[in-house]
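Owing to the predicted nature of the structure, the values given are computational and were not obtained by experimental measurement. Numbers here simply count residues along the sequence, with the first being 1.
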Amino acid sequence: MSDVDVRPPAAAAGTADAADEPSGLRGVIAAVTGRMRGGDLGVAPVVAGLIVIWTVMQILNPVFLSSDNLSNLTMEMVPVGVISLGVVFMLLVGQIDLSVGSLSGVAAAVTAVLFVDQGFNPWLAVLAAVALACLIGWVYAQVFNRFGVPSFVITLAGLLGFLGLQLHVLGPKGAINLPFDSRLVTFAQLDFVPPWLAYTLVVLAAAALYGTGHAHASARRKAGLSATSERVLVLRSVAVLAGLVLAVWYLNRDRGVGWMFVFFLVLVLVAHYVLTRTKYGKAVYAVGGNVEAARRAGINVRTIYTSAFVICTTLAAIGGILAAARLAAANQSTGSGDVNLNAIAAAVIGGTSLFGGRGGAWASLLGILVIQSISNGLTLLNLDSSYRFMVTGVVLMLAVALDSVARRSRASAGRA
């Protein structure tokens, strides 16, 4: 497979370059510095931007970094964040889905109608809506694979069609309220992780980070390749543990960590593992990097495209259902407005390339955290949505420009 690099980018994978994995702390620093000089910036620009945004918002309003506000922030970001995670898969294969917003609205409407009007069990209603989204993704893929219609056109047609379908499903009422005591609503609004369990999950996460890193390093050593040293693995895990303990402690000063946010984190972790530790993930990066080379390497390109469409539409449906549960209602505005654009913008701002083949699951989390921080901070300042749109637009433009510059740098360094 010399024609294409199927390895996920180091920044997205959270590991060093597979060809020259560092063996010590100095090696890690040298490798990171070398990748950044070669145009592989990873999450550094996003983290730097997030620090700037939080600093400015905190100076303008001291309430911004309060545990109460941050707890709300983590819950508010989840619905669009889940949708954005699906967009990441589409961007990684070099395609786009413009219908995720309207599709999320349809899923919310179907769930509400089945649950409230038809008396279905809420989880059966959710399952039906998700199954419908899977079917829609499969249909998208067939049109794309068999007829060669660009994904931009297919999903733009879907955007318009599903806006109409959402209005039709909701009927003349235009809105359906979800019972406040239903599990859907309590999960999205009131369910928080007990402190003892939150700390337990943090310890398990740090242990899992070390365990997976140790297993990966051992496999590389057995293959005669350089690998991350035990000292670096331990330091990395301890740093993550300390950061997560501090975050959980601070959030527990108010309501704590919401189960809905934990659900989002689990989705991100699963997607990260799939993209960085499986043959399927390598195939996704290969198709996004060079589709013809991937085809010649024996990868079933059509299957990869189909899976990306289905994953994207499925996560869009889940995000829409969570949004409805968060508001305790499904109405004509669910999934409309800036949901579509924010989901796509979050993936791009988080570091997923519009050119395909670069990025990762963490992009959805980081990107939506940036967007939601801007929205939340401006709301605290009592500024209207016009400022939020303008600021988000500037951030998105900067992210795309940075991606373009980094892409040219990688090309000049022979790493494109």
Using atom types as modelled and distance alone, determine if a side-chain donor or acceptor of [X] lies under 3.5 Å from a backbone N or O of [Y].
{"X": "D338", "Y": "L341", "value": "no"}
{"X": "T55", "Y": "I51", "value": "yes"}
{"X": "T278", "Y": "G281", "value": "yes"}
{"X": "S71", "Y": "G256", "value": "yes"}
{"X": "T155", "Y": "S151", "value": "yes"}
{"X": "Y305", "Y": "V287", "value": "no"}
{"X": "S66", "Y": "N69", "value": "yes"}
{"X": "R220", "Y": "A227", "value": "no"}
{"X": "Q166", "Y": "T334", "value": "yes"}
{"X": "N331", "Y": "A175", "value": "no"}

Hey, are the side chains of [X] and [Y] touching, using non-hydrogen atoms and a 4.5 Å cut-off?
{"X": "D181", "Y": "T186", "result": "no"}
{"X": "L369", "Y": "L73", "result": "yes"}
{"X": "V93", "Y": "V301", "result": "no"}
{"X": "L209", "Y": "R236", "result": "yes"}
{"X": "F144", "Y": "V139", "result": "no"}
{"X": "V257", "Y": "V262", "result": "yes"}
{"X": "T352", "Y": "L92", "result": "yes"}
{"X": "I136", "Y": "F162", "result": "yes"}

Spacing of CZ belonging to F64 relative to CG belonging to L378, to within rounding of 0.5 Å: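 Answer for the CZ-CG pair, F64 versus L378, is 9.5 Å.
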From CG (L124) to CD (Q118), nearest 0.5 Å: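 Interatomic distance, L124 CG to Q118 CD, rounded to 0.5 Å: 13.0 Å.
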Of all the heavy-atom pairs spanning [X] and [Y], show the shortest one and how long it is.
{"X": "D97", "Y": "I344", "answer": "O-CD1, 3.8 Å"}
{"X": "M57", "Y": "L381", "answer": "SD-CD1, 4.4 Å"}
{"X": "V63", "Y": "L380", "answer": "C-CD1, 4.5 Å"}
{"X": "L184", "Y": "P122", "answer": "CD1-CB, 4.3 Å"}

Pairs touching residues 168-210 that satisfy ring-ring contact (aromatic ring centres under 6.0 Å, His included), sequence neighbours left out: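 Sorted result for residues 168-210: Y210-H214.
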What pairs of donor and acceptor atoms, side-chain ones from residues 311-329 against any protein atom, are under 3.5 angstrom apart with sequence neighbours left out?
| from | atom 1 | to | atom 2 | distance (Å) |
| --- | --- | --- | --- | --- |
| T313 | OG1 | A133 | O | 2.8 |
| T313 | OG1 | F309 | O | 3.1 |
| T313 | OG1 | V310 | O | 3.1 |
| T314 | OG1 | V310 | O | 2.7 |
| R326 | NH1 | A188 | O | 2.9 |

Y280 atom OH, over 12 foreign heavy atoms within 6.0 Å: yes
W123 CH2: over 12 foreign heavy atoms closer than 6.0 Å: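 Yes - once you tally the heavy atoms of other residues, nucleotides and ligands closer than 6.0 Å, there are more than 12.
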Could you pull out every donor-acceptor pair under 3.5 Å between side chains of residues 76-90 and any protein atom, sequence neighbours left out?
| from | atom 1 | to | atom 2 | distance (Å) |
| --- | --- | --- | --- | --- |
| E76 | OE1 | Q372 | NE2 | 3.4 |
| S84 | OG | A343 | O | 3.0 |
| S84 | OG | A347 | N | 3.2 |

Candidate pair L365 and L265, rule side chain to side chain contact (heavy atoms under 4.5 Å, CB included), full reasoning: CA-CA 8 Å; L365 176 61; L265 286 180; 3.9 Å; yes
Between the side chains of [X] and [Y], is a donor N or O closer than 3.5 angstrom to an acceptor N or O?
{"X": "S99", "Y": "Y140", "value": "yes"}
{"X": "N145", "Y": "T306", "value": "yes"}
{"X": "N376", "Y": "S373", "value": "no"}

Worked verdict on M75 versus Q189 for side chain to side chain contact (heavy atoms under 4.5 Å, CB included): CA-CA 8 Å; M75 297 290 279; Q189 295 185 2; over 6 Å; no
N-O pairing of K173 and D117 below 4.0 Å: yes
R253/D68 salt bridge by N-O under 4.0 Å criterion: no
Verdict with supporting geometry, V202 and L241, side chain to side chain contact (heavy atoms under 4.5 Å, CB included): CA-CA 7 Å; V202 162; L241 177 62; 3.6 Å; yes
Side chain to side chain contact (heavy atoms under 4.5 Å, CB included) between L170 and Q332, intermediate numbers included: CA-CA 8 Å; L170 290 173; Q332 295 176 351; 4.0 Å; yes
